[in-house]
Participant: 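Pasting in a structure now, in structure tokens, and then I'll have a few things to ask.
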Amino acid sequence: MLIPRPRRTEPGVGAFAITPSTRIAADAASESVRLYLQQTLRGSTGLPVRDADDSAGIDGAATDVIVLRVADVDTLPSGPAGDRSESFRLRIAPDRIEVTGGGPAGVFYGVQALLQSLPADVYRKGRVGTGPWTVAAVIVEDAPAFAWRGVMLDVARHFRTKHEVMRVIDQLAAHRLNRLHFHLTEDQGWRIEIRKYPRLTEVGSWRKESQVGAHVPDADGVLHPVAFDGRPHGGYYTQDDIREIVAYAADRFVTVVPEIETPGHVRAALAAYPALGVTGEPIDVWTEWGIADDVLNAEESTITFFQDVLDEVIALFPSEYIGVGGDECPKVQWQDDPSTQERIRELGLADEEQLQAWIIGRLAAHVESHGRRAFGWDEILEGGTLSKSATVLSWRGLTGARTAAKRGHDVISAPDDQVYLDYRQSDLETEPIPVSIVLTVDDVFAFDPVPADLTDAERAHVIGGQGNMWTEHVDTARKLDYQLFPRVAALAEALWSADVAGPRDVAEFRGRLAEHLARLEAMGIEYRHDAGPFPWEQRPGVPGRPHSREERAAYIDAVTANIAD
């Protein structure tokens, strides 16, 4: 009853029992996985789970042993583009467990399958009893459908501590998700230390208060905040914090992918350094949700500033991809500013759309000069000058994914109408701060990152997908759990098991999910129950902004009309 669903399982006879005499043997490539499994088993079973004394476990001579190794990839199922580095075979027999991977990541994912095969209490931290810690004999062979399987975590609207971020990383790893898109900057806060520009965190990481709930219309239909909480909010990660998060994730084969927003969603940066803005006037870190009109100016000094920022970000994150933002950039300040209009003419650009593309292009080229790849939201397709090496994160439906793939760009699909994890989970009036459309577990399970009507060559550009977790209304770890789970389990299934033979069967998935919920409880995840939110999960009297699917679809069609091919 594994999640994600494996490609092949073959039940065996009997069971393996983890006892005080059980040992772990690992080859050199699997050493970090050995430490992970050893710590996990020791923490939950209370058993010593010592190292095997010699190489007997690896070559097949020992019993009562768990063997972890990287082996000939040709013997394992093939993953995306023929890659087998994340493929694995788990063989459980009464006398021995073997986890074989095409690479260390494959061994790690085989270990995740092993842990799911044990009693759910294996996920509890601290001793919970003496067992029996038995696992039924079986052979599992598996490989992912997509290379990019991720979740975006917004820590700019509401800050999450370093340890809370590590907890999310553990949750992703347990579901064989391998990307944490780390959304670090916004109008409402700047969350990463940049040593060359200390005011980004000294000033930009704190706001004086936060909007409560969504904007609501007045008698004229103009949207306004209803209330503010009156409490300062903020925080940031030091560069040492970032290194620790990145290393912790790497041990769990999760790549942390940073994003620095430009040229919009930058009010926190402008509060710290007003000269970066169009007006140059002092402003505060924004206390509202939504989109502030404040944007970067297009001066060479501003480009240099953000190139300096990216230099420090690139030094901290080994990720191949570095996010440069690009979404929801208002143009009103550029349109109304004579200096910006002169700059547009000076650069030989046609309009503000091309100015945004020019800024993104300059920053993307800087990222690429470091041997990395820039990625941004699907608005970076606007303006028509995007480098072929840039990767597009498609969020406004799948229009951006379709257009980008047809233009030869790699694509990460994250359509808001399928995988935005801040969206409400039912029509119940008790749903906490209802946002946009209803997205249930079943809806997320049905997610397909690949748009219809693409050729095989175009489909190959879709490298995967992710769910996006925006946090305007999610200000605690408990609320984060509620929004993420169990929908993240459905997301993992959609991204790992998309090419498993047979139809995608939501009833069959629901059967496995019912068992998986015990694992979530053992992990301490306060997931949303099917019956709806408990009283302490509700937010009575706090306004939301629910939409129908028809309203949302009409909006997406309107805002993507200029990129639809």
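Worth knowing before you read on, the calculation uses all heavy atoms, side chains too, and leaves out hydrogens, waters and symmetry mates.
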Participant: Distance-only criterion, 3.5 Å: show the donor-acceptor pairs between side-chain atoms of residues 538-547 and protein atoms not counting sequence neighbours.
Facilitator:
| residue | atom | partner | partner atom | Å |
| --- | --- | --- | --- | --- |
| Gln538 | NE2 | Pro533 | O | 3.3 |

Participant: Please confirm whether the ring centroid of Trp496 lies under 6.0 Å from the ring centroid of Phe146.
Facilitator: no

Participant: Show your working on side chain to side chain contact (heavy atoms under 4.5 Å, CB included) between Phe317 and Ile242 and close with a plain yes or no.
Facilitator: CA-CA 8 Å; Phe317 293 90; Ile242 294 293; 3.4 Å; yes

Participant: Please determine whether side-chain hydrogen bond (donor to acceptor under 3.5 Å, both in side chains) holds for the pair Asp448 and Gln418, giving the CA-CA distance in whole Å, both sets of side-chain angles, and the decisive distance to 0.1 Å.
Facilitator: CA-CA 9 Å; Asp448 183 352; Gln418 297 181 63; over 6 Å; no

Participant: Can you tell me which residue pairs pass the salt bridge (Lys or Arg N to Asp or Glu O under 4.0 Å) test with a partner in residues 470-480, sequence neighbours excluded?
Facilitator: Arg157-Glu472, Asp475-Lys479, Arg478-Glu526

Participant: Please lay out, stage by stage, how Leu484 and Gln171 fare under the test side chain to side chain contact (heavy atoms under 4.5 Å, CB included).
Facilitator: CA-CA 10 Å; Leu484 289 176; Gln171 294 168 353; 4.2 Å; yes

Participant: OG/Ser210 to CH2/Trp289 distance, rounded to the nearest 0.5 angstrom?
Facilitator: 4.5 Å

Participant: List the atom of Gly264, the atom of Cys329, and the distance in Å for their closest heavy-atom pair.
Facilitator: N-SG, 3.9 Å

Participant: At what distance, to the nearest 0.5 angstrom, does CG of Asp530 lie from CG of Leu513?
Facilitator: 7.5 Å

Participant: Would you check if the side chain of Asn178 reaches a backbone N or O of Ala147 as a donor-acceptor pair within less than 3.5 Å?
Facilitator: yes

Participant: Quick check: do Val135 and Ile97 have side-chain heavy atoms less than 4.5 Å from each other?
Facilitator: yes

Participant: Given Thr287 and Lys208, is the side chain to side chain contact (heavy atoms under 4.5 Å, CB included) satisfied, shown in steps?
Facilitator: CA-CA 7 Å; Thr287 58; Lys208 63 183 180 181; 3.9 Å; yes

Participant: Is it the case that the side chain of Arg176 and the backbone of Ala492 share a donor-acceptor pair, with hydrogens and angles ignored and the cut-off at 3.5 Å?
Facilitator: no

Participant: Quick one: does Trp377's side chain get under 4.5 Å of Ile412's, heavy atoms only?
Facilitator: no

Participant: Please examine the side chains of Tyr423 and Trp470, heavy atoms only from C-beta on, and report whether any two atoms are closer than 4.5 Å.
Facilitator: no

Participant: Tell me if a side-chain donor or acceptor on Gln38 pairs with a main-chain N or O of Val49 at a distance below 3.5 Å.
Facilitator: yes

Participant: Can you list everything that forms a side chain to side chain donor-acceptor pair (under 3.5 Å) with Glu261? Sequence neighbours excluded, please.
Facilitator: none

Participant: Taking Asp378 for its side chain and Arg396 for its backbone only, find out whether a donor-acceptor pair lies under 3.5 Å.
Facilitator: yes

Participant: Without swapping roles, check the side chain of Glu493 against the backbone of Phe445 for a donor-acceptor pair under 3.5 Å.
Facilitator: no

Participant: Does either side chain, that of Arg42 or that of Thr45, offer a donor lying less than 3.5 Å from an acceptor on the other one?
Facilitator: no

Participant: Which of parallel (below 30°), tilted (30 to 60°) and perpendicular (above 60°) describes Tyr237 and Phe159?
Facilitator: tilted

Participant: Ala249 and Val256: which non-hydrogen atoms are nearest, and at how many Å?
Facilitator: CB-CG2, 3.6 Å

Participant: Taking the ring of Phe534 and the ring of His529, is the distance between their centroids below 6.0 Å?
Facilitator: yes

Participant: To the nearest 0.5 Å, tell me how far Ser117 OG sits from Leu2 CG.
Facilitator: 5.0 Å

Participant: From the options Trp395, Tyr420, Phe447, select the one residue that forms a side chain to side chain contact (heavy atoms under 4.5 Å, CB included) with Pro415.
Facilitator: Phe447

Participant: Would you tell me whether Thr238 and Glu193 have side-chain atoms, one donor and one acceptor, within less than 3.5 Å of each other?
Facilitator: no

Participant: Indicate, with yes or no, if the rings of His158 and His233 have centres closer together than 6.0 Å.
Facilitator: yes

Participant: Can you confirm whether or not the ring centre of Tyr36 sits under 6.0 Å from the ring centre of Phe253?
Facilitator: no

Participant: Looking only at heavy atoms, which two atoms of Pro144 and Arg149 are closest? And how far apart?
Facilitator: CB-NH1, 3.5 Å

Participant: Let me know which of Arg510, Arg487, Arg504 forms a salt bridge (Lys or Arg N to Asp or Glu O under 4.0 Å) with Asp442.
Facilitator: Arg510

Participant: Sub-3.5 Å donor-acceptor pair from the side chain of Glu209 to the main-chain atoms of Pro232, do we have one?
Facilitator: no

Participant: Output the distance between atom CD1 (Ile380) and atom CG (Asp327), rounded to the nearest 0.5 Å.
Facilitator: 10.0 Å

Participant: If you compare all heavy atoms of Pro330 against all heavy atoms of Ala292, which two are closest, and at what distance to 0.1 Å?
Facilitator: CG-O, 3.3 Å

Participant: Does the structure place the NZ or CZ of Arg167 under 6.0 Å from the centre of the six-membered ring of Tyr248, at an angle of no more than 45° from the ring's axis?
Facilitator: no

Participant: Does the separation of the ring centres of His175 and Phe485 fall below 6.0 angstrom?
Facilitator: yes

Participant: Would a line drawn from the ring center of Phe88 to the ring center of Tyr109 be shorter than 6.0 Å?
Facilitator: no

Participant: With the side chain counted from C-beta on, respond yes when Leu172 and Leu180 share a heavy-atom pair under 4.5 Å apart, and no when they do not.
Facilitator: yes

Participant: Which atoms form the tightest heavy-atom contact between Val324 and Thr262, and what is the distance?
Facilitator: O-OG1, 2.6 Å

Participant: Just by modelled atom types, is the Pro449 backbone N or O under 3.5 Å from a matching donor or acceptor in the Ser413 side chain?
Facilitator: yes

Participant: Where do Thr471 and Asp154 land on the side-chain hydrogen bond (donor to acceptor under 3.5 Å, both in side chains) test, with the steps shown first?
Facilitator: CA-CA 6 Å; Thr471 61; Asp154 166 30; 3.1 Å; yes

Participant: Within the 4.5 Å heavy-atom criterion, are Phe182 and Val155 side-chain neighbours or not?
Facilitator: yes

Participant: Looking at every non-hydrogen atom in both residues, tell me the closest pair between Leu177 and Gly150 and how far apart they are.
Facilitator: CD2-N, 4.3 Å

Participant: Below 6.0 angstrom between ring centroids: does that apply to Tyr482 and Tyr527?
Facilitator: no

Participant: Is any side-chain heavy atom of Ile192 less than 4.5 Å from a side-chain heavy atom of Leu316?
Facilitator: yes

Participant: Under the criterion side chain to side chain contact (heavy atoms under 4.5 Å, CB included), I'd like the reasoning laid out for Thr185 against Leu200: C-alpha separation, chi angles, the key distance, then a yes or no.
Facilitator: CA-CA 10 Å; Thr185 70; Leu200 286 171; over 6 Å; no

Participant: Is a side-chain N or O of Asp218 found less than 3.5 angstrom from the main chain of Asp220, in a donor-acceptor match?
Facilitator: yes

Participant: Does any part of the side chain of Leu37, heavy atoms only, come nearer than 4.5 Å to the side chain of Leu115, both counted from C-beta?
Facilitator: yes

Participant: One thing to verify: whether Asp417 and Arg552 come together as a salt bridge, which I'm taking to mean a side-chain N less than 4.0 angstrom from a carboxylate O.
Facilitator: no

Participant: Could you give the distance from CE (Met469) to CG (Leu480), rounded to the nearest 0.5 Å?
Facilitator: 6.0 Å

Participant: Any side-chain to backbone donor/acceptor pair from Ser497 onto Ala494? Under 3.5 Å, distance only.
Facilitator: no

Participant: Any side-chain donor-acceptor pair under 3.5 Å between Gln483 and Asp481?
Facilitator: no

Participant: Can you check whether Ala401's main-chain N or O pairs, donor with acceptor, with Ser394's side chain at less than 3.5 Å?
Facilitator: yes

Participant: Do Asn468 and Val419 have side chains that get closer than 4.5 Å, going by heavy atoms?
Facilitator: no

Participant: Could you tell me if the ring centre of Tyr321 sits under 6.0 Å from that of Trp148?
Facilitator: yes

